[in-house]
Amino acid sequence: MDAATPALHDFLRPGIAAADLPDLHPLLAARDLLRAFSTLFHGGEEVVMVRLLVLRAIGERGDAPDWSPQELREHFAYLDAIKFDTVLGRLRENDLLLWDGQSQRYRISPVGRQALAAIGMLLQFNREGDELAYVTAQLAAGQAVGRVRADDLQHLLSRLNELREDFDQAVLSGSEHRIQYAASTLQSVWRWVEKGTEIVQAIAADADLDAATHRVAQQIGRAQSAMLRQASLFQRALNQLDRHRVHLGASGLSSSDVNRFLRSLDIDGLSALAVDTLGRTVAPAFALAPIALDVAEYELVERERQAQEDATLPPAQAAPESQQAPVSDQDYRHAEQWLAQLAGLRDDAPLADWVPQDNFAISAYRLSLLGLLGDPGAENRNGVSASIAQLPLQWRVETAFEPVGRCEVAYLSRGRLQPHAGGSSDARLPADAAEPATDVSPAPAQNPGPGRPTPGNAATSRTKAKTKTKTRTQEGRPVPAEALPAATEPVEIP
C-alpha cells in the first residue's frame, strides 16, 4: 500500500470497525485479487495501457508460458527499455509476474491469469449495448460451474429493468427518433434476452437453489416477459406516428425524412443552412426591453383605444317639472279582493272552496297571502298585507291533497280557514278595499256544502259593509270610525 494512501479505518466513522460491515467481507477476502487490479489500473491512462499490453502479450503464448528476459526485450523492442523495465518491475513487485530463479524466466501468476481472463471477457463486449451480453455471459459461466449467487442475478435484473424503463419512456415521448432507436436496441439485445431466459429457466429448475436466489430468478423471468412485449408497443407507436406524418407535396418526402436529414448534419452544416435565412434584430445595450415594451404597448394599443372612445357630453335637456320621483303604480286589486273576502268570513271554510279563483296564477297568489295571517310584525305596518295579517283568522293545512278541478287547479293541500274563538271578524280595511271593483266572493265549488259562502251571501255582506258605519272594537266598546285618527296608506308590495 502506498504510504500516502490512508488506512481503511480512516474512512470509517469513529467506533465502527471494518469487520462489522458484512458487505466489506467479500472484498477483504479477495484482497490479493483486488490488489492485482489496483496494480494494473493505478496511474494515468497511458501507463495503464502499457501494463495491460505487456501482461496480455505475456499471457497469450500458451504453448510456452515462460519468458526469458532476452525474449521479452526482443518482443517488446518497440518500447523504451527503461520504461519497459519499470513496467516489468511493478508487475513483479505486485505478484502479477513470477520470477523463477532457477530457470531465470518470467511467468504470469495465478492472480494475474484471473485478472487477464476477466479483462479478456470484458474486451469481447465493448460495443454499445453489449453490457447485457456481458452480464448474461457471466451468469452463464457461473451456472455452468454451479456457482450462481443472488448478487449475479441482481445485475441481470437491474439491467433488464433499466432497459424496460428506457423503452417505456421512448414510447411515452412520442418521438419517432427515440422509438426507432429503442426498437433497434431491443433488436440488438433480443438474442441475449432469449439466452438469459434459458439460463434463468435452468437456474429456477435447480432444486438445491436457495429461496433468495430463486425469488430473484422469478423476477428476472417477469422482467424478460415484459421486455419481449415491447416490440408490439413499438410497432403500434410507429403506426400511430405514420398516420400523422406530413408528406411534402408530390416529392415523396415526409417530415420524418426532413428530421432524419437534419439530425445527420453537424453544427457547421446546420449553420450553413441558416445563412441568409435567419435575421438578427438590433439589440442596443442602452435600451431596456421592459420599458420599450411598455411604451410600444401604449403607442400601439392604448392610444388607439382612447382615440376610438366617444367622450362627448350628451345634449342639454330641460329639468323635469315634477317635484317627486316617479313611482310605478302597483296593482293590489287581487290582494284587496282577497282581503274583503276573508274579512267577511264567519265560519270555518275549506281552502279548496275559497283559494281557487280565475286561474292558477291568481290562485297561487291568494294561497301565498295566507302566510301573512298572524304575523306579529304587522302592528307596525300599514297596507293590504298588514290588514291581512291582522285578521282574526288562522288556517290549518294537512299533508293530504284534495281534488279541485277548477280555475286551472287540479289538486290543493287539504286545509281550513278558521276564525279565532271570541275574536272580532271585522278588520281594518284600506280605503281601496272598501269598494272592490269586482266580485269578491270565492269561486263556486262544484258541490258547495252547508256553511260554505255563496255568491249571494258574499254580495249581501259587501252591501252591508258599504252602508253601515265602520266601527272598531276597543276594550269591548264599539267606537265610530269617524272618531279614529285618519291614516294614510303607503304603497306596499304584497
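FYI, side chains are in, hydrogens and waters are out, and symmetry mates aren't considered; it's all heavy atoms of this structure. In this chain, residues are counted from 1 in sequence order.
- Between the CG atom of Leu233 and the CG atom of Asp168 there is a distance of 7.5 Å, given to the nearest 0.5 Å.
- Looking at Glu46 and Arg51, no side-chain N of the basic residue comes within less than 4.0 Å of a carboxylate O on the acidic one, giving no salt bridge.
- By the 4.0 Å N-to-carboxylate-O rule, Arg416 lies too far from Glu398 to be salt-bridged with it.
- Thr86 contributes atom OG1, which lies 11.5 Å from atom CG of Leu79 (distance to the nearest 0.5 angstrom).
- Within a 6.0 Å sphere centred on CD of Glu74, other residues, nucleotides and ligands contribute more than 12 heavy atoms.
- Within the structure, every pair that satisfies the ring-ring contact (aromatic ring centres under 6.0 Å, His included) test and touches residues 84-105, not counting sequence neighbours, is listed here: Phe76-Phe84, Trp99-Tyr106.
- Gly59 approaches Leu116 most closely through the heavy-atom pair CA-CD1, 4.2 Å.
- Arg222 places a side-chain heavy atom less than 4.5 Å from the side chain of Gln219.
- A donor-acceptor contact under 3.5 angstrom links the side chains of Asp100 and Ser103, judged on distance only.
- Counting heavy atoms of neighbouring residues, nucleotides and ligands inside a 6.0 Å radius, atom CZ of Phe41 exceeds 12 of them.
- Interatomic distance, CG of Asp85 versus CZ of Arg90, reported as 15.5 Å (0.5 Å rounding).
- Of all heavy-atom pairs spanning Leu88 and Leu72, the tightest one is CD1-CD1, 4.1 Å.
- Looking at Glu71, its side chain does come within 3.5 Å of a backbone N or O of Ser68 through a donor-acceptor pair.
- A donor-acceptor contact shorter than 3.5 Å links the side chain of Arg366 to the backbone of Val355.
- Put simply, the side chain of Ser109 never gets that close to the backbone of Leu98: no donor and acceptor are under 3.5 Å apart.
- Contact between Leu12 and Ala18 at its shortest, heavy atoms only, is CD1-N, 3.6 Å.
- Side chain of Asp20 to main chain of Ile16: no donor-acceptor pair is present (N/O by atom type, distance under 3.5 Å, no hydrogens or angles).
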Inset, instruction - Starting from the C-alpha separation in whole Å, work towards a yes-or-no answer on side-chain contact (heavy atoms from CB on, under 4.5 Å) for Val216 and Gln154. - result: CA-CA 7 Å; Val216 177; Gln154 288 289 354; 3.4 Å; yes

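- In this view, Arg178 satisfies the salt bridge (Lys or Arg N to Asp or Glu O under 4.0 Å) rule with no residue, not counting sequence neighbours.
- In this structure, Tyr298 and Leu293 have side chains that are not in contact, with every pair of non-hydrogen atoms separated by 4.5 Å or more.
- Within 6.0 Å of CZ in Arg56 there are 12 or fewer heavy atoms belonging to other residues, nucleotides or ligands.
- Taking each heavy atom of Ala223 and Leu160 in turn, the nearest pair found is CB-CB, 4.1 Å.
- Looking at Val397 and Leu351, their side chains come closer than 4.5 Å, going by heavy atoms from C-beta outward.
- In this structure, OG on Ser413 lies 4.5 Å from CZ on Phe401, to the nearest 0.5 angstrom.
- A 4.5 Å side-chain heavy-atom check between Arg159 and Leu163 finds at least one atom pair inside the cut-off.
- For the atom pair CZ of Arg113 and CG of Leu96, the computed distance is 11.5 Å after rounding to the nearest 0.5 Å.
- Between atom OG of residue Ser158 and atom CD1 of residue Ile220 there is a gap of 9.0 Å, rounded to the nearest 0.5 Å.
- Put simply, the side chain of Glu408 never gets that close to the backbone of Asn359: no donor and acceptor are under 3.5 Å apart.
- Between Leu417 and Leu370 there is a side-chain heavy-atom pair separated by less than 4.5 Å.
- Note on ring orientation: taking the six-membered ring where Trp is involved, the planes of Trp354 and Trp338 are tilted (angle from 30° to 60°).
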Does the side-chain contact (heavy atoms from CB on, under 4.5 Å) test come out yes or no for Asp95 and Val111, once each step is laid out? CA-CA 8 Å; Asp95 297 332; Val111 175; over 6 Å; no

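- Under the 4.0 Å criterion applied to side-chain N and carboxylate O atoms, Asp66 and Arg107 are assigned as salt-bridge partners.
- For the pair Val87 and Leu55, the minimum side-chain heavy-atom distance is 4.5 Å or more.
- The two residues Ala57 and Trp67 come nearest to each other via the heavy atoms O-CZ2, 3.7 Å.
- Between Tyr411 and Val404 the shortest side-chain heavy-atom distance does not fall below 4.5 Å.
- Side-chain atoms of Leu40 and Asn94, non-hydrogen and from C-beta on, never get closer than 4.5 Å to each other.
- Among residues at least two apart or in separate chains, salt bridge (charged side-chain N to carboxylate O under 4.0 Å, His left out) pairs with a member in residues 286-305 are Glu299-Arg303, Glu302-Arg305.
- Here the shortest heavy-atom pairing between His42 and Val48 reads O-CG2, 4.0 Å.
- Side chain of Thr39 to backbone of Arg35: a donor-acceptor contact under 3.5 angstrom is found.
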